[in-house]
Structures are given as structure tokens and as C-alpha cells.
Amino acid sequence: MVYDAEEVETRWQKAWADAGAFEAEIDHSKPKFYCLEMFPYPSGNMHMGHVRNYSIGDAMARFHRLMGKNVLYPMGYDSFGMPAENAAKKEGGHPHTVTHRNIASIRSDQERMGYSYDWRRFLATSDVDYYHWNQEIFLMLNNRGLVERRLAPVNWCVDCDTVLANEQVKNNRCWRCGLEVVQRDMAQWFLRMTEYSDELLDEIENISFPENVKAMQRNWIGRSFGAHIDFPVADSDAVIGAFTTRPDTIFGVTFVTLSPEHPLCEELCTGTEWEADWRELRDECARMSEFERINMLKEKKGVFLGRHAINPLNGEKVPIYAGNFVVASYGTGAVMAVPGHDQRDYDFAERYGIEIRRVLVEKEGDDPNAELNYAFEGYGPMVNSGADDFDGLAGQDAKDAVIAALESAGSGHGTVEYRLKDWLLSRQRFWGTPIPMIHCKTCGIVPVPSSELPVELPLDVTFSEDQSGNPLASHDSFVNTSCPSCGGLAKRETDTMDTFYDSSWYFMRFCDASNDSTPFDREAVDYWMDGGVDLYIGGIEHAVMHLLYARFFTKVTRDAGMNTVGEPFGTLVCQGMLNAPAPFCSDCNAEFHVDLFGCDCPTCGEKLGTRSVKMGKSLGNTVSPGEMVGRYGADTVRLFILFGANPEAGMDWSDSALEANHRQLHSIIDAMESAMTLGETPSPLDDWLLARLRVNRAAWKDSMSIVSIREGVMISHYEMLSDWAWYIRRGGNNRDTARQFLLGWIPMLAPTTPHIAEEFWHSVGGKGMLATYCLEESDDSSEEDAGVLAREAYLKELISSGRALRELAERYVEEEITSVIIQTSPAWKEQLAREAIQLDSETFDFKTGGMDHLKSMDVFSVEQMRGEVMQTWMELTMGSKKKRGRIHTWSQGEKQLIMSAIDEASTINMNSEFIAQALGVTSVEAYPAGEGEDVAGKAKFAFPLEPGIAFL
RNA sequence: GCAGGGGUACCCGAGUCGGUCAAAGGGGCCGGACUUAAGCUCCGGUGCAAAGUGCUUCGCAGGUUCGAAUCCUGCCCCCUGCACCA
């Protein structure tokens with residue numbers, strides 16, 4: 001067949017769309033399956049990373065449709081954000097125009113791939129009919145006390161001209177543009193996500209996210225249990241509150257350290273001889289870039305502030321320092337320092353000559369006064385507390401006792417600290433959801449009433465390169481409004497929402513995407529999201545940000561009575577990197593742009609090699625999906641992507657592998673065509689082929705169910721084809737069998753290569769449309785199949801060992817090899833085998849009773865055979881040093897063959913022509929060893945299912 | 001430093017409740033068949049040795065076992081995330 005991929009693919013894409021094949025509705029009679037990919041930011045054309053993401057999702061959506069599930073598989077666009085705004089500036093247009101142009105482009109790329117989305121549920125977050133509901137939800141959050149406006153030091157990105165949330169700062173750099181962020185004090189909107197810290201953390205245990213994602217989230221939330229301890233400052237009213245996870249070391253406190261930025265520092269040392277040193281340290285820390293700071297901090301540095309703090313449990317006075325290693329934003333920005341049991345404090349104390357006191361021993365009975373030459377950070381019994389109540393207590397008991405003492409003394413309490421901060425939501429940008437708040441001089445800040453939503457972004461704004469700041473702020477008709485409360489003149493909030501807000505609930509909107517009266521209907525979300533999205537696929541880069549925000553939103557909407565879900569995502573799969581070759585210098589350990597292929601290293605001058613690295617614009621090692629689809633078709637590209645590696649694994653782009661996959665499709669096409677021309681001759685091969693279908697299909701379902709798509713494709717696109725080829729080679733020639741086989745096989749091709757599968761389906765006269773077809777057969781393994789398969793496997797094995805032997809035989813046989821004599825197992829060995837299998841199935845203990853049993857058997861009575869009989873028996877039951885007994889290694893089917901007394905010799909003779917051909921000889925003859933001449937002394941090798949083979 | 005994941009043949013990559021594992025599958029390479037000719041398709045080979053049973057190999061070094069890619073201990077290396085978090 002001439003395979004015109006584009007013609008076939010676009011034809012079926014149209015047919016599927018016309019038939020509404022992928023439109024999903026709530027149907028309680030079927031199990032649901034919600035398959036979702038992280039929706040894209042529409043930046044223009046679809047890239048290979050997208051192709052991988054969606055090909056995985058589409059394969060799973062189609063697979064689950066085949067399995068009879070009611071599948072929801074939607075697509076939309078995360079279309080608010082900076083790039084559109086920047087593009088608009090560049091071309092002097094409006095982000096809305098840019099966005100819609102990009103959406104049209106990526107959508108048409110997706111359609112060309114044939115992804116089975118329910119396009120009726122399309123959404124774009126920058127459309128009013130979406131962000132209207134962002135605002136509605138914002139009011140809900142506000143009502144629930146989860147919205148807060150406060151002055152706070154925030155991360156500011158000069159380049160993006162906006163603040164960033166903590167999650168969006170990586171190594172002190174902006175996650176989007178990479179510029180270093182600076183700190184600013186600003187009034188900002190926050191969502192109080194920390195209200196949900198515990199639930200967000202605790203429920204990680206119960207969701208099936210990959211371990212690394214779970215670890216990152218745990219890490220990010222960073223809960224630590226400990227105590228808050230107040231250290232009064234001597235001769236002052238001031239109190240230093242410190243957080244510690246180790247209250248059991250409180251008697252080892254020999255100084256207290258404040259972060260240089262701590263407000264108490266100034267208060268304590270102003271006007272004293274120590275002020276100058278502190279100012280210097282503070283300024284130095286403030287001045288340092290991230291890079292310097294990391295290097296600097298290897299050296300713990302501090303200054304004495306001239307005052308002392310009082311340990312509330314023993315009244316001891318200890319010096320107060322400011323230290324460069326204390327983080328202002330964690331805990332209280334003050335640390336009780338225990339050099340004996342904290343390495344950082346130890347280093348610091350050593351440097352400044354501060355006492356290092358042991359208050360824990362490693363194990364009971366150790367010398368409480370043994371000198372410490374390193375900080376012992378483990379748990380052990382308390383010593384030297386100066387109070388008998390504590391000495392001897394260890395671990396949690398010790399902590400509890402200290403906390404209780406603090407609480408009764410009124411100078412501290414047990415507490416929990418989190419690394420997680422509230423979500424800084426506001427952005428000083430145009431292209432985002434306007435925060436529905438109004439600033440009124442008389443009433444203060446007033447929310448826009450729900451009835452007046454949506455607050456729309458004005459379209460009459462011109463963007464230009466030289467403009468800075470947020471155009472909303474200078475848009476009079478947007479800004480000027482009246483107060484909903486007093487009716488007086490008021491101004492709108494001009495900050496917009498972080499775009500991560502948009503993606504925090506879109507998966508719920510998809511359940512009810514056209515609802516124009518509420519964000520979504522509760523019934524719809526409860527149906528589709530029961531147990532969470534069944535399969536969520538996307539990149540690891542959202543492990544913390546998006547996935548955490550989405551979990552937070554799902555919990556809040558649940559608490560607001562909008563659904564009963566709680567956790568948004570059931571199974572999460574993070575697809576691996578897509579790599580492609582790029583020039584690489586091994587000496588400099590650096591990668592270069594593809595333009596430098598074959599050149600010398602621009603740094604050191606060595607010849608550049610190549611290395612597979614992440615596809616990306618910066619190196620130019622990208623591959624255009626459009627071009628590949630144009631050349632080979634969408635099915636080939638999908639096959640390559642899905643067969644190249646399992647979803648989570650990284651994969652390398654390879655042109656030759658892509659071509660190989662294209663050839664594979666051609667082979668499958670040829671197989672389909674050859675099937676149409678078969679005759680009507682039944683043979684035992686027919687049973688074999690259909691048994692293979694059942695076995696393969698069962699294995700395929702298992703693999704696909706756990707998203708091991710690569711294993712699934714190996715079966716559907718490779719194993720099945722080899723089985724078909726084997727059937728033909730063996731002389732299979734039955735049209736009915738072929739049809740049955742194809743009707744079973746073609747649906748297995750559909751998840752990966754849906755278009756060509758649909759084409760096949762119609763050419764063999766499959767029922768209805770394959771896209772909506774449902775596999776009903778169950779593939780329970782039957783004993784009959786096992787036997788049929790084992791018989792054929794026996795021949796395959798015979799040929800395979802025959803081939804190996806032929807090569808050896810050639811060295812010994814003078815003339816050209818022309819024939820093969822096969823001596824099969826003598827009857828008595830078969831008898832022993834049957835006996836052993838029988839005994840084994842009765843859980844007979846061969847170790848203790850094996851020999852006695854053998855001696856009771858008839859074969860054993862022939863004296864001159866005893867040696868061989870014994871040896872055979874051992875081979876069957878016990879095996880040798882490195883090989884287990886055959887009864888343990890034979891498959892179920894092989895045992896069946898032996899028990900049913902397969903006549904190996906006649907099985908071989910019936911297939912002698914085929915075997916002869918496979919072994920490259922003109923004749924093959926078989927007989928049981930002992931019933932003919934012992935050719936070449938091969939009788940001794942004859943064993944059940946392993947005949948002795950002689951080449952002549 | 002902490003946490004998570006890895007190290008398998010020329011390459012990619014399965015395999016880890018111990019034996020059926022010299023180790024699936026694909027790519028590449030080699031050989032054969034078909035063909036006027038193939039870069040097409042099909043078949044076979046691809047650690048060493050060998051008329052079959054043997055040897056060496058799954059990051060390194062030990063250990064458990066009749067038997068280890070698989071289990072245990074220690075070490076080395078790579079990737080990813082967090083990072084003076086008290």
C-alpha cells in the first residue's frame with residue numbers, strides 16, 4: 001500500500017471530530033477516567049516536549065476508552081502571562097491579540113497530531129469567561145479570611161517589573177528571566193496558604209506522586225517541631241524569642257545569635273562601642289550577591305552586641321551576638337546557640353573563644369564531662385543540666401520535659417515552624433486577572449461585589465517598547481470607579497494575580513467548562529474528580545509551584561462546599577527530558593550551539609565532540625514537530641516518542657530511530673495486507689496464533705494500565721508483528737484465523753498510532769469506529785493455550801539450539817553438512833520426568849524422600865542403568881550447583897507437554913521440512929534415543945524436551 | 001551537608017519478592033537471502049571458549065547462600081531538588 005500518512009491522518013481526524021468521538025458526558029454506568037496534561041502556555045508552535053507530553057496522555061486516554069472507561073480528556077491554555085505582554089510591546093499591539101494568535105497556532109499543531117481531546121471543553125485562562133471565576137473564587141477566599149493585604153519585604157524582579165512569590169525565586173533569581181531578585185518593602189496581596197500547611201504535608205503520604213516530587217513538596221513545606229523560647233535581655237525589657245528544634249540542649253546554650261538584620265540588634269548596641277562592628281556586618285550581608293554569600297558563609301562570622309541574655313531555665317547570662325549565618329526570615333531570626341551539639345555553633349564558638357559545654361552524652365554511662373572536639377548532634381541522655389529532673393532523659397522525653405518546664409515558667413512553649421510562606425499573589429503586570437478590590441478613601445479596601453464581576457481588562461490599551469510599569473495603573477476608565485460601599489469616588493486595585501492562580505483550579509473547570517453561572521458545578525466535579533484526576537502528566541518543573549497551589553485550591557474549595565474532592569491528582573507522571581545532540585567540549589565540560597558542530601572549542605581550542613543534552617532554544621538542538629510530522633506523519637512521530645523510552649525516563653532524539661519506527665509501521669501495513677490474501681487452510685498454527693494474541697493482549701493491558709507505555713508498544717507494535725511473521729513462515733494460511741487475529745491486534749495499535757489503526761480497522765471490517773470501540777474480551781490464561789504455546793516454543797527452541805550447534809558441528813564434520821538426526825528422550829526418562837512433576841505438584845520433599853522414592857520405582861531395578869537413572873533423577877528434581885532441577889524451571893506449558901506424553905519424535909518429523917529449512921539442511925529425521933542408531937553418540941544428550949542433535 | 005533517583009553489553013534500555021539470566025526489546029554494526037542494484041524487505045549473528053555441558057561479565061570491594069545483576073555492609077561516581085532552616 002502507498003502510505004500517505006497525511007491523507008490517512010487528516011481524514012480520520014475529521015471523521016472523529018464529525019462523529020464527536022471524544023465528547024465525554026457524565027455517565028454513572030461506566031467507571032470514569034480523567035486524563036489530563038498540564039495545559040500549555042501558548043507561546044507559538046507546539047514543541048517536541050509538548051508532543052511527548054500529549055502523546056503519552058493521548059495513548060492513555062485512548063487505552064482507557066478501549067478498556068470501557070468514560071474518559072474525560074480536555075485541553076486548554078494557560079494564556080495569561082508576561083511573554084504575551086512583552087510580545088505586544090514589541091509589535092505595538094495588545095496581548096489579547098498575541099495570545100489568540102498563538103492559541104490558534106498551537107491548537108492546529110495539536111489537531112494535526114490527532115490528540116483525542118474533547119475540544120468542546122476548550123478554555124483559555126485569559127478569556128473573561130474564565131477569569132471571571134478567578135475573581136469569584138477570590139471573593140470566596142476573601143470571605144473565608146484567606147486573603148490578606150500586608151506590607152512585607154518582597155522579592156522584586158527589575159526585569160519583569162513585578163514581585164515574585166517565594167516559589168518563583170530559584171537561587172535568588174527570577175524563575176522566568178533569571179535576573180537576580182532584590183528585596184523591597186511593599187503592600188501586597190497574600191493568600192494564606194500556610195493555614196493548610198499541615199494538611200498539605202500530611203496528605204503527601206497518601207497520594208501517588210513520584211518520590212522525588214513528594215520529597216520536594218515535603219522539603220518546601222519544611223515543618224519542624226520544636227520550642228519557642230524567650231530569652232530576656234539582661235538589664236532591659238527586651239526579650240529575644242528563639243525557635244529551636246532541640247529544646248533538650250537548652251542547658252548547653254552559651255550564647256545567643258541574632259540575624260544581622262534583626263531589629264533588636266540596633267536597639268541593643270546603638271550608642272555603644274559595638275555598634276560600628278554590627279553595622280559593618282549588617283551592611284556586608286546586605287551588600288553581598290548570592291554567589292558571594294554562599295562562598296562567604298563557609299566562614300561563620302559574627303560580632304558581639306555588648307549585651308547578655310538570660311537562659312530562662314537556669315538564669316545564666318550568655319552573650320548576644322549577631323551572626324551572618326542566621327536567616328532573618330526563618331523562625332524568629334534568632335537562634336539559641338549550643339556549640340556542644342550544633343556544628344555551626346561549634347565552629348562559631350571556637351572562632352570566638354566561647355565556652356563549649358556538653359549537655360548530652362552519646363549513650364548512658366558515658367563520662368558527662370568528656371571533652372567535645374566536635375559537635376555531637378545526635379540524641380542522647382541529658383547531663384550537666386544542673387537539675388536532677390532532666391539528667392538522664394533522652395530524645396523526645398527530654399524535649400517534652402524541657403518544654404513543660406518552659407511552659408510552667410512562662411518563658412516558652414512547644415511550637416511548629418514551617419518553611420512554607422503565604423502565597424504572594426499580586427503582580428504589577430497587565431496581562432493577568434485583575435484583583436477585584438477597590439480602594440476607597442473613606443471605607444478602605446472594599447471587595448467588588450460578586451454581582452459586579454467580572455472586572456474586565458480593558459482592550460483599549462496600546463503597548464509599546466518604551467513603556468514601563470503596569471498600563472492598568474494609568475488607564476483612567478479602569479482605575480476610577482465608585483465605592484461599592486459608600487458610593488463615593490474610589491480607585492480600583494491595579495495589581496493582577498499571579499498566573500499560577502489560574503492553573504490552580506482549571507482541572508475543575510474542565511469538568512464543567514461552559515458553566516456561565518458558577519466556576520463549576522459541584523456534581524460534575526465530584527463525578528470526574530472522584531479520587532482526583534486519574535492520570536496527570538507534566539513536567540517536573542512544577543513539582544513545587546503548580547502542584548502545591550493546585551492542592552491548596554482543591555482543599556479550600558472543598559472546605560467552601562464547592563466539591564468533596566480534597567486532593568486534585570491521583571496519579572502523577574512527570575515525563576522525562578527530551579534530549580538531542582549538541583556540540584560538547586569534554587575538557588571544558590561545556591555544551592555549545594549546534595552551529596558549532598565539527599568546530600573547535602571556542603574556549604580551549606580542542607576539537608568539539610557531541611553529547612546528548614536537553615533540547616532547547618539556547619543550544620538550538622531542537623527538532624521541529626511540524627517538520628517531522630510532515631515527513632513521516634503523526635503516527636510515526638508518536639510511535640517513536642512512545643517507544644523511545646518510558647514516560648518518566650529521559651530520551652534521546654534520533655533521526656535513525658525515527659526512520660526505523662517509520663519502517664516498522666510499513667512492516668505492519670505489509671502484514672495487514674498479506675493477511676487479506678490468505679487461503680482457507682486450517683492448521684495447528686491457527687490455535688497457536690490466537691493463543692499468542694490472548695497472551696500478548698493480557699500482557700499489553702498490564703503494561704498499559706501502569707503507564708509502562710514502552711513495554712506496551714513493544715508488544716503491540718513488535719511482538720504481535722513477529723508472531724504474525726512466524727505464523728506465515730510456519731505455513732499458516734487461514735483467512736478466518738487471520739481476521740480474528742487482526743480484529744484483536746488492531747485495537748492494540750490504536751493508543752499509539754491511532755490513525756493507521758483506524759484505517760486498518762475499517763479495512764478488515766471492524767465494528768463501528770475504533771476510536772470509540774471497547775475491548776470486551778478478557779484474556780484469562782487457559783491451560784489449553786499454555787500447551788499450544790509450549791509446543792511451538794519447543795520447536796523454536798529446537799531450531800535455536802540446532803543453529804548454535806550447527807556452527808560447532810561444522811568444525812568437526814569434514815564434508816558439507818546435509819542432514820540432521822535428532823534423538824529424542826528415551827521413554828524411561830520421560831517417565832521419570834512425569835513422576836517428578838507429579839510428585840512436585842503434591843509438594844513432595846525431594847531432599848528427604850527423593851532417593852527412596854526413586855529406589856521404589858521399576859526403572860531402578862535394572863542394575864546397569866542405575867547410574868544414569870540416578871543422574872537423570874537428580875537433574876530433574878535437584879539440579880546441579882548452578883542450575884535448579886527441571887521441575888522448577890519448566891513452564892506450566894512445558895510440564896503440560898510432558899504430562900500429556902508429547903511424542904517429540906513425531907512432532908519433529910511432522911515439521912521436518914520447516915526445521916530442515918531453518919537449519920539449512922536437506923533432511924531432518926527424529927526418533928527416540930535407543931530406537932535407532934546412536935548417531936555421533938548424541939543419545940546421551942537426549943532429555944525430555946531437549947533432544948540430542950547430530951549434524952551429518 | 002540533607003533529601004530523592006540512578007550506575008546493566010558498542011549505544012539506548014528492560015530486568016531487583018535470589019535459580020528458567022550471557023541477561024528482553026530497539027538502535028547501530030556484521031553476515032546471508034531477495035533484487036539489475038540497493039540506503040527497501042526478510043532471515044540470522046553480535047562477551048570468550050566450545051559438537052551442547054565451560055569461563056568471565058550487570059559501578060568498586062566485601063558478606064549471606066548450594067546458587068547473586070537481584071539480598072546485606074562499606075565505598076566511588078552521576079543526575080535532580082533544597083541548602084548556614086536553628
Side-chain angles (χ1 to χ4, degrees), chain A residues 170-171 210-220 222-224 226-227 242-246 249 257 259 293-294 296-300 323-327 329-338 342-345 347-348 417-419 540-541 543-544 577 579 612 640 643-646 648-652 654 656-661 663-664 666-667 670 708 710-711 713-715 717-719 722 725 728-729 800-813 878-886 888-891 894 917-918 920 936-938 940-941 946 948-951:
Chain A
K170 306 259 162 192
N171 289 328
E211 276 311 313
N212 55 341
V213 174
K214 286 188 182 187
M216 281 188 248
Q217 293 218 346
R218 276 190 211 109
N219 227 314
W220 188 262
R223 178 170 63 193
S224 26
F243 173 74
T244 180
T245 54
R246 295 299 301 274
T249 63
T257 323
S259 75
R293 200 164 169 136
I294 287 170
M296 258 293 301
L297 286 175
K298 291 195 174 119
E299 188 193 350
K300 315 251 176 298
N324 65 349
F325 60 95
V326 180
V327 181
S329 60
Y330 184 75
T332 59
V335 179
M336 67 173 212
V338 184
D342 181 288
Q343 191 60 44
R344 288 160 312 181
D345 296 341
D347 296 344
F348 191 92
E417 270 298 322
Y418 301 90
R419 194 176 163 279
I540 187 76
E541 65 272 19
V544 176
M577 297 278 175
N579 304 311
S612 202
F640 164 73
F643 185 56
N646 259 327
E648 298 88 345
M651 76 178 286
D652 293 343
S654 153
S656 62
L658 182 70
E659 277 170 44
N661 284 116
R663 286 202 299 272
Q664 190 72 16
H666 271 286
S667 304
D670 290 346
S708 283
R710 187 176 189 281
E711 274 71 57
V713 172
M714 203 188 301
I715 296 168
H717 288 68
Y718 287 81
E719 290 282 312
S722 345
I728 299 295
R729 269 175 67 204
S800 158
S801 50
R803 273 186 182 130
L805 288 170
R806 188 195 156 116
E807 201 190 319
L808 302 182
E810 275 166 357
R811 302 177 201 175
Y812 284 78
V813 179
M878 303 303 292
S880 60
K881 190 165 172 132
K882 293 201 85 174
K883 241 182 172 169
R884 286 213 294 172
R886 297 291 202 289
H888 302 296
T889 61
W890 275 324
S891 71
E894 284 171 320
Q917 192 201 335
K938 297 299 170 194
K940 65 171 187 281
F941 291 106
E946 296 162 53
I949 303 168
F951 284 85

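Labels below follow one simple rule: chain letters A, B, ... track the order of the sequence lines, proteins then strands, and each chain is numbered from 1.
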Legend entry - Salt bridge A:Arg806-A:Glu810, side-chain N to carboxylate O under 4.0 Å: yes
Legend entry - Closest-nucleotide 5' rank along RNA chain B - winner of A:Phe951 and A:Glu211: A:Glu211
Inset, instruction - Specify the residue among A:Ala645 and A:Ser656 whose closest nucleotide of RNA chain B lies further upstream toward the 5′ end. - result: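 Checking each residue's closest nucleotide, the 5'-ward one belongs to A:Ala645.
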Consider the side chain of [X], meaning its heavy atoms from C-beta on, and name the nucleotide among [options] that approaches it most closely.
| X | options | answer |
| --- | --- | --- |
| A:Ile949 | B:rG19, B:rG52, B:rA24 | B:rG52 |
| A:Glu711 | B:rA14, B:rG81, B:rG4 | B:rA14 |
| A:Asn646 | B:rA14, B:rA86, B:rG25 | B:rA14 |
| A:Phe941 | B:rG52, B:rA50, B:rG44 | B:rG52 |
| A:Arg710 | B:rG25, B:rG4, B:rA14 | B:rG25 |
| A:Asn219 | B:rG27, B:rG44, B:rG81 | B:rG81 |
| A:Met216 | B:rG4, B:rA86, B:rG81 | B:rG81 |
| A:Val327 | B:rC85, B:rC40, B:rC43 | B:rC85 |

Inset, instruction - Using only side-chain N and O atoms of A:Tyr330, determine if any of them is under 4.0 Å from OP1 or OP2 of B:rA86. - result: yes
Legend entry - N/O (side chain, A:Thr257) to phosphate O (OP1/OP2, B:rA86) under 4.0 Å: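 Looking at the OP1 and OP2 atoms of B:rA86, neither is under 4.0 Å from any side-chain N or O of A:Thr257.
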Inset, instruction - Classify the ring geometry between A:Tyr718 and A:Phe643 as parallel (under 30°), tilted (30 to 60°) or perpendicular (over 60°). - result: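 A:Tyr718 and A:Phe643: parallel rings.
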Inset, instruction - Give, for atom CZ of A:Arg419 and atom CG of A:Asn219, the distance between the pair rounded to the nearest 0.5 Å. - result: 6.5 Å
Inset, instruction - Mind checking the CZ-OG1 spacing from A:Phe325 to A:Thr257? Nearest 0.5 Å is all I need. - result: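 Going from the CZ atom of A:Phe325 to the OG1 atom of A:Thr257 covers 4.5 Å.
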Inset, instruction - Tell me what A:Ala950 touches on the nucleic acid: a base, only sugar-phosphate, or nothing, going by heavy atoms under 4.0 Å. - result: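 Counting heavy atoms under 4.0 Å across all strands, the contact made by A:Ala950 includes a base.
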Inset, instruction - Return the nucleotide paired to B:rU46: Watson-Crick means purine N1 to pyrimidine N3 with N6-O4 or O6-N4, wobble means G-U with N1-O2 and O6-N3, both under 3.5 Å. - result: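 Paired with B:rU46, as far as the under-3.5 Å criterion goes, is B:rG28.
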Inset, instruction - For B:rA3, give its Watson-Crick or G-U wobble partner with both distances under 3.5 Å, or none. - result: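 The base-pairing partner of B:rA3, which may sit in any strand shown, is B:rU80.
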Inset, instruction - Between B:rG47 and B:rC42, how far apart are the P atoms? Round to whole Å, please. - result: 23 Å
